[in-house]
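Some notes on the structure that comes next.
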Amino acid sequence: MDHLGYLFAAYSIIFLLIGLYVIFIGTRQARLEREVRRLESELRKNEPPLAPADNVEEIKTPGGV
Amino acid sequence: MKNPISIGLAAATCLSMVAALFMVFVYVPTEAEQGIVQRIFYFHLPCAWVAFLGFGIVALAGGLYLWLGHKVWDDLSYAAAELGMLFCTLVLVTGSIWAKPIWGVWWTWDSRLTTTFILWLLYGSYLLLRAFADDTDGIARFAAVLGIVGVLDIPIIIISVRLWRTIHPAVLLTRQGEHGLQDLRMVATLLVSLAAFTIMFVWLLWMRVATLRLRTRIVRLRRTLALRELAEAHR
Amino acid sequence: MAEVVLQAQRIAKFFGERPVLYGLDLTLRAGQAAVIVGRNGVGKSTLIKILCGLSPPSAGRLWLFGQEPRSMAAQQFRRVGVLLHQSLLYPRLTCRENMEFYSELFAIPDAGAHARRWLERVGLQRAADELVSALSRGMEQRLGIARAMLADPDLILLDEPFAAMDADGVALVSSLVREALAREAAVIFTAHAPLEIAGVDLRMFKLESNGLTPFKDEGRRGSLRNLLRRN
Amino acid sequence: MLEGFGPILRKDLRLEVRTGESTVVLVSISVLILVVMVLAFGPAGARRAEVAAGALWTALIFAGTMGATRALLSERESGCLRGLLLSPVEPATIYAAKLSVAMIFMAQAGIAVLVVLVLFFNLDFGGALLRLLPVFLLGIVGLAALCTLLATVSGRVRAGAMLLPVMVVPLFAPALIAGSKASAAVLAGQPLGAVITWLKLLGAFDVLFVTAGYLLFEHVIFED
């Protein structure tokens, strides 16, 4: 009864999938952060600041009527 | 990712996970009947627990989004669904790997397996809906509704599947945790693993919500830029 | 001053990342009429959909009869009449059936007689039993306007009511607008070119890709006002 | 509270009587699904109550998604759904009306399937069929409620038509289990009392989805 292989497979799959997911989050985070920095520098270039849309997401209401 | 909460959660995850692994592979005694594969259980059950936790958060955050309308609830709901899917997959895979040596089959339509599989399908349909949709306000409401309906359905799913499989083969009984945990050390190991997985879940959730928030911020920045270009062009 | 029927405050609308409308202020009182003039694709239809409460703005606030559309009871929509870009008529029902259906939906007593009156009013009594899908564009437009006005609403929003209309049709819509104003309703509609309605004090606004700007000497009247945030 | 329910229902039935489209489409497709099942199971399988019950519910679930889609389709032409939303009718009432229409479409398809089922599986008209009726009715209430709510969602999403069954099947799983088990038992000649647990489960499912749909419909019906 040597079931060590099964035990090993189960634990490696757990850590493999979670590891892949962490890498997925990490790369995505890095890419998005780069994009934010790029957009922010572009915004600073375009002086003077006008018509900020910064309230757009926050007071959004779900549903229509 | 570089804020103190995130680092703290990552450290706590690592520490508790190392402790859990130590207990599973060194501390806990081997279960008499099933032998060494029974050790899968100490990570299998925590996976199931966080998968369920994920469902709860999907519905709760979805409800809060419909009620309060703030995008952060939608982001939380989406992140929880993704994590739920991840851990639900792990439950099915580790369950299968455990079943093979013990029952001789990879899959059986046992009530727990069936229920988990249906929950996996629910997560799948939620994520497919989000993948298919354009990134508008509408999809957040649709996903919230699907998430809420899905969670309300879970008790009925569990009952129906249980009734569907009223007669359990005897071997299935040993699979149920309670029967295998005669030793206090086994209980302790399970509890530590549960804690480790819960902390890891919170950490992953935190990181995923952070990336989704960044996406929202990018949309906002792009909108501001688009407005400026318009104003400029009109000057 | 008459009751404020419609008030929009810093309304903005984005489709994804693309801004369609923004920084739009608008106040309309009972008995006032306004026309929004703009080229195709400038956001007139989107604006009408937002103002009638059908589509929530991405930012800013809107009040109809002093209430936000989201918190309005469905019953309140009895007071709002809308013609959208689409006619909102069932193509496979006849003109009469369409009007009867909507009359029943608005809980108007004796829906049949009411529908008949309106069909006569818009000159469609002879086409009453034709399917809407068989109507010409202009006729469908007349029926669509009749549908919008059938419950004598206090706020009337019409998207391009003069599109595809012949001279009779234009005269008909003009007289309907005059009647509505006479009973102190507020009317707002869109058009692709400036126009006038005889006997109506019509305030004109120009919708451009950067927002809504007063078309004529609007500043002096001040009943409707737009503030593009940078101005 | 349900003001406007009657007119919407009458209007949809009038449209259906005029064209007959949904009836023809639903009846033919669900009967075809049944035929496919019978052919797939072979002549031996076609004598077993479980196979008959399974075939019945498979046909029903597809009739359900299509019926709900079609019930909402009449409102999508010329933007009529907006006409309803801009009228003094509560969204929940629109839901109730559309749910009823979807249920009528489903019932038509279901009855056609039942007739064919009796012929193909050599069942007795009468007793067994009569006992099947409550199971069948309880099943389509929940199915119509679920499909109407989700068809509204799928109608607004790219590839929504394909997405609808993906969303419906897992949610409908408990009712599918209860319905086919109860149907099999009843077709095999057992009395209704023997399947009371399954009927209760179907009832709980119906209550859940009718309530959820009634309360949540306003969140999926409005546009952006």
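Just so it is clear: chains get the letters A, B, ... in the order the sequence lines come, proteins before strands, and each one is counted from 1.
The OH atom of C/Y102 sits 5.5 Å away from atom CG of D/L84, with the distance rounded to the nearest 0.5 Å. With rounding to the nearest 0.5 angstrom, the CZ atom of D/R14 is 7.5 Å from the OG1 atom of C/T94. Taken to the nearest 0.5 Å, the CG atom of D/L86 stands 7.0 Å off from the CG atom of C/L88. Between atom CG of residue D/L85 and atom SG of residue C/C52 there is a gap of 9.5 Å, rounded to the nearest 0.5 Å.
Contacts of D/I8 with chain C are made by both backbone and side-chain atoms, with heavy-atom separations under 4.5 Å. At a 4.5 Å heavy-atom cutoff, the contact between C/L131 and chain D is made by side-chain atoms alone. With a threshold of 4.5 angstrom between heavy atoms, C/I50 does not approach chain D through any atom at all. Contact annotation for C/R79: neither backbone nor side-chain heavy atoms come within less than 4.5 Å of a heavy atom of chain D.
By the 6.0 Å contact criterion, CZ on C/R183 is enclosed, its count of non-hydrogen atoms from other residues, nucleotides or ligands being greater than 12. For D/F62, the CZ atom sits in a loose shell: 12 or fewer heavy atoms of surrounding residues, nucleotides or ligands are nearer than 6.0 Å.
Among C/K49, C/E97, C/H85, the residue making the largest number of heavy-atom pairs under 4.5 Å with chain D is C/E97. Counting heavy-atom pairs closer than 4.5 Å to chain D, the top residue among C/V80, C/V132, C/L93 is C/L93. With chain C as partner, the option from D/G4, D/S74, D/C80 having the largest number of non-hydrogen pairs under 4.5 angstrom is D/C80. Each of D/G79, D/G6, D/P91 has some count of heavy-atom pairs under 4.5 Å with chain C, and the biggest count is that of D/G79.
Contact check on C/R92 versus D/E21 returns a salt bridge, with a Lys/Arg side-chain nitrogen under 4.0 Å from an Asp/Glu carboxylate oxygen. Salt-bridge annotation for D/K11 and C/E104: absent, with no side-chain N of the basic residue lying under 4.0 Å from a carboxylate O of the acidic one.
C/Q75 is listed as a side-chain neighbour of D/E3, based on a closest heavy-atom distance under 4.5 Å. For the pair C/F101/D/R10, no side-chain contact is recorded, criterion being any heavy-atom separation below 4.5 Å from C-beta on.
Of all heavy-atom pairs between D/S87 and C/L105, the closest is OG-CD2, 3.6 Å.
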